[in-house]
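Remarks on the structure that follows.
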Amino acid sequence: MPPPETASPAAEIERLQGRVRRLAEEKSYLQLTLRLIEQLNPLPGIEDMVATMLCNIVETIGGTNIKLWYWIDDQLHYADFLGGNKIVASIDDPMAAEVAQKRRFIERQGDVEDSLLRGGVIPGSWTWAFPLPVGQELLGVIKLENVHIIGASLRNYLPLFFSHAALILSNEIRNFSRLAAETKLRQRERDLRAIMDNLPSIISYWDRNLRNRFGNRAYVAWYGIEPETMVGMYLREVIGEESFQLNLPYIEAALRGETQVFERAISPSGGKPARHALINYIPDIRDGVVDGIYVLVSDITPVKQAEAELDKYRLHLEELVTERTVQLEQAKLTAEAANRMKSVFLANMSHELRTPLNAILGFAQIMERDARIPADEHRNLETINRSGKHLLSIINDVLEISRIEAGRTVVHSEAFDLQATLAAIEEMMRLRADSKHLALRVVRHADLPRTVLGDAHHLRQVLINLLGNAVKYTDTGEVSLAVRPVEGGIRFEVADTGPGIAAADQETIFQAFYQTEHGVAKGEGTGLGLTISREFVHLMGGELSVASIPGKGSVFGFTVPLPPTFFAIAESSHGRVVGLADGQLPPRILVAEDHPDSSELIVCLLDGIGCEVRVAENGRRAVEIFTAWHPDFIWMDMRMPVMDGYAATKAIRALPGGDKVKIVALTASAFREDRAAILAAGCDELISKPVEEDRLFAVMGELLKLGFRHEKEAALPMPVTDATLGLSALPESLRAALLAAADSYDAPSLRGLIERMKPDHPQEAAAIDELVYGYRFDEVAGLCRRQAA
């Protein structure tokens, strides 16, 4: 067998030389590492230690820069060889951030991005990044950039160095944190001492043996003892035997763990006057055991003095309040008496004025139906009716403004037909507008609901008032009412082409009894209409406003909430009632009314359609007649002598059969809010005086389910305008006579001339007769003058 091959001597020598060189290299790197470790001796201050460490590493190993990130109390610090030193939010170096995340050594060769050398990276350069762990905690990350040492074996020894560096750095960080905490604690103690020493209140701590551990400088002012001297003293020695014995029950309770708060008079040292103190004993409880008590003593002498002063003032104020209360009670009684007197006055005024008007207007209506009265007398009856209604409107205005001032006006929300209400108002206003040759336009929006919830009475009153004013003060042009739905309700606007209202008058016109120059010139009205209208609109949830330009007209507008509803509205009958329907048995009607004229009017109306009627002059007599006669229906006046309508109604309802009879109140009160009291007395319904014939029959028919025969109404004649008058057909002498009579306000002469015109000029006669009927003599004169021109 041949011998094994052996290496040549030259090769073996080369291998041994290489091993020697490696051993020498490793020895040099180990020595280099040991030298770095020896240079890590801590220096005072962590920043100086870090700077020295970085400088030694660069001087020993080389490289273009070395960077260090390390945490102190959750704050990330940064330092580098070039002098950088700051607190940062995060590690912004990608390589260092990766080392922090993975907690392992990373090396890169020839990293251009990390090089700070101009002209690129020297071949064989390295960039190393090492984590600095201490146990499981990552203390920081260190990065060496572009290290130019031939032989990468150095990196095998550097972890040993950086582990030692991490331990030294960790120790310095702990020392730094401890010193910082101690410094902060000392500063807090100084601050706390400064605060407590500058407080006027006593603050101290006593252990469970009542030995002092701490006290502020307030003890100097109260007891003449320095806080330093007081430490270790017994509580009795500081506050004195008397105070100690007085406070002992509270001290013992505090030592049992019960907080104590009490007041005590304390006599300070040096003969100073006694002070009132509020004393707090607060137990210091640790693990369920009372180690001591905190004492807080506050000077409340100024508070006590203020309380004494307040007591004096309170007694004085109580006397004043008692005196003022008596005065207010007296004023209240006086005001209530005045309100009662005002209410009684208004009720009496309403009764005394409206009751005779009831007879005047009622009998005028009856006489209008009498065929025996000559045609020319019908005009006089119409004048009585018109004047009576005008007087009634004035009475209503005066009573309404009095009711508003007394706070008795209320809104009643009920379902009503808005379209029918607007149509009725339009029909009423058109006659007035046509008599002045004014165009009247009522514009209803297509989306306007028919049936709404609201106060139809007050709404109608406001619209009639505004339209009436517009017609009254407008001589040429037109008057319009526009109604449209808007957000929050329905908008009403009344516009005219009248004289307009000056800016200075646009607010004062809403004051009671105020009239503009045009209103005074017209000589009509009370000056209350706009005041009442604004109040009604306000009660309905809106605001009445005006926009006007003098010489160009005015616009009055308001918006009120009128929500749509689907309640059915009964249709009103047409034509005057002339009798009971065929086959209808005549009902028994009792009229309880103390005023002869009023009772005679109702009896006349009821007799006229075939009812059986009896009259009672007071409430007691009404009860007697009901008991003996058993009527089907009672018209009950609420104000009567002997027994009023309220008592009589309640008495009848308590009698056998009293629950079946229909009772309707007759009231001259102008107050709608009286309705609740009347219905509560037992009445089924009420109507106000003056009694309207149609309303009387409608209420009675609804409650008794009566059928009536009605008079057919004749069609209204077409209104006559300037275009159809044709006064040019009249002889010039007749026109001159008409002009003279109109200028002289000579109604009899005008009526005589009208009679002369009827055979040959019936249309002109009818038109002029209508103007004379309305006392529009100025219109007659104007027509004659325009024709002559």
Side-chain angles (χ1 to χ4, degrees), residues 29-30 32-37 39-40 42 46-117 120-174 176-177:
Y29 289 148
L30 181 58
L32 181 65
T33 302
L34 292 174
R35 188 165 66 252
L36 284 173
I37 292 174
Q39 293 173 347
L40 280 178
I46 190 170
E47 292 184 359
D48 290 340
M49 191 276 285
V50 167
T52 301
M53 181 181 70
L54 297 181
C55 183
N56 288 337
I57 292 172
V58 172
E59 289 177 352
T60 302
I61 298 176
T64 57
N65 193 12
I66 183 169
K67 301 177 180 178
L68 173 65
W69 292 267
Y70 60 98
W71 284 272
I72 299 179
D73 297 333
D74 296 327
Q75 277 192 331
L76 182 61
H77 293 250
Y78 168 82
D80 60 35
F81 171 71
L82 301 176
N85 198 325
K86 58 186 176 180
I87 296 175
V88 294
S90 62
I91 300 176
D92 57 357
D93 184 287
M95 186 174 178
E98 184 178 354
V99 170
Q101 181 183 6
K102 297 180 178 180
R103 296 198 177 194
R104 65 178 180 82
F105 163 73
I106 296 176
E107 66 175 350
R108 290 176 184 161
Q109 188 174 18
D111 193 335
V112 178
E113 293 182 359
D114 290 334
S115 176
L116 297 179
L117 298 177
V121 178
I122 299 174
S125 66
W126 296 85
T127 296
W128 293 321
F130 293 87
L132 300 178
V134 177
Q136 298 299 319
E137 179 185 4
L138 181 66
L139 187 67
V141 175
I142 193 163
K143 180 182 178 184
L144 285 73
E145 296 178 348
N146 296 304
V147 178
H148 307 294
I149 294 180
I150 299 174
S153 298
L154 177 61
R155 72 169 184 267
N156 296 326
Y157 294 94
L158 286 180
L160 177 62
F161 162 72
F162 287 122
S163 295
H164 185 72
L167 290 172
I168 300 239
L169 185 60
S170 173
N171 187 60
E172 286 301 313
I173 289 174
R174 283 197 299 271
F176 176 83
S177 298

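None of the values given here were measured: they were computed from a predicted structure.
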Taking the side chain as everything from C-beta on, heavy atoms only, tell me whether [X] gets closer than 4.5 Å to [Y].
{"X": "Tyr78", "Y": "Asp80", "result": "yes"}
{"X": "Leu68", "Y": "Leu132", "result": "yes"}
{"X": "Trp71", "Y": "Leu138", "result": "yes"}

For the [atom1] atom of [X] and the [atom2] atom of [Y], what is their distance to the nearest 0.5 Å?
{"X": "Glu107", "Y": "Thr127", "atom1": "CD", "atom2": "OG1", "answer": "10.0 Å"}
{"X": "His77", "Y": "Ile72", "atom1": "NE2", "atom2": "CD1", "answer": "4.0 Å"}
{"X": "Leu144", "Y": "Ile66", "atom1": "CG", "atom2": "CD1", "answer": "4.0 Å"}
{"X": "Ile106", "Y": "Trp128", "atom1": "CD1", "atom2": "CH2", "answer": "14.5 Å"}

[X] to [Y] - nearest heavy-atom pair and separation:
{"X": "Leu76", "Y": "Ser90", "answer": "CD2-C, 3.4 Å"}
{"X": "Gln136", "Y": "Arg103", "answer": "O-NH1, 2.8 Å"}
{"X": "Val141", "Y": "Ala100", "answer": "CG2-CB, 3.8 Å"}
{"X": "Pro133", "Y": "Pro131", "answer": "CD-O, 3.2 Å"}

Within 6.0 Å of CD in Glu98, more than 12 heavy atoms from elsewhere: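 Atom CD in Glu98 is crowded, with more than 12 foreign heavy atoms closer than 6.0 Å.
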
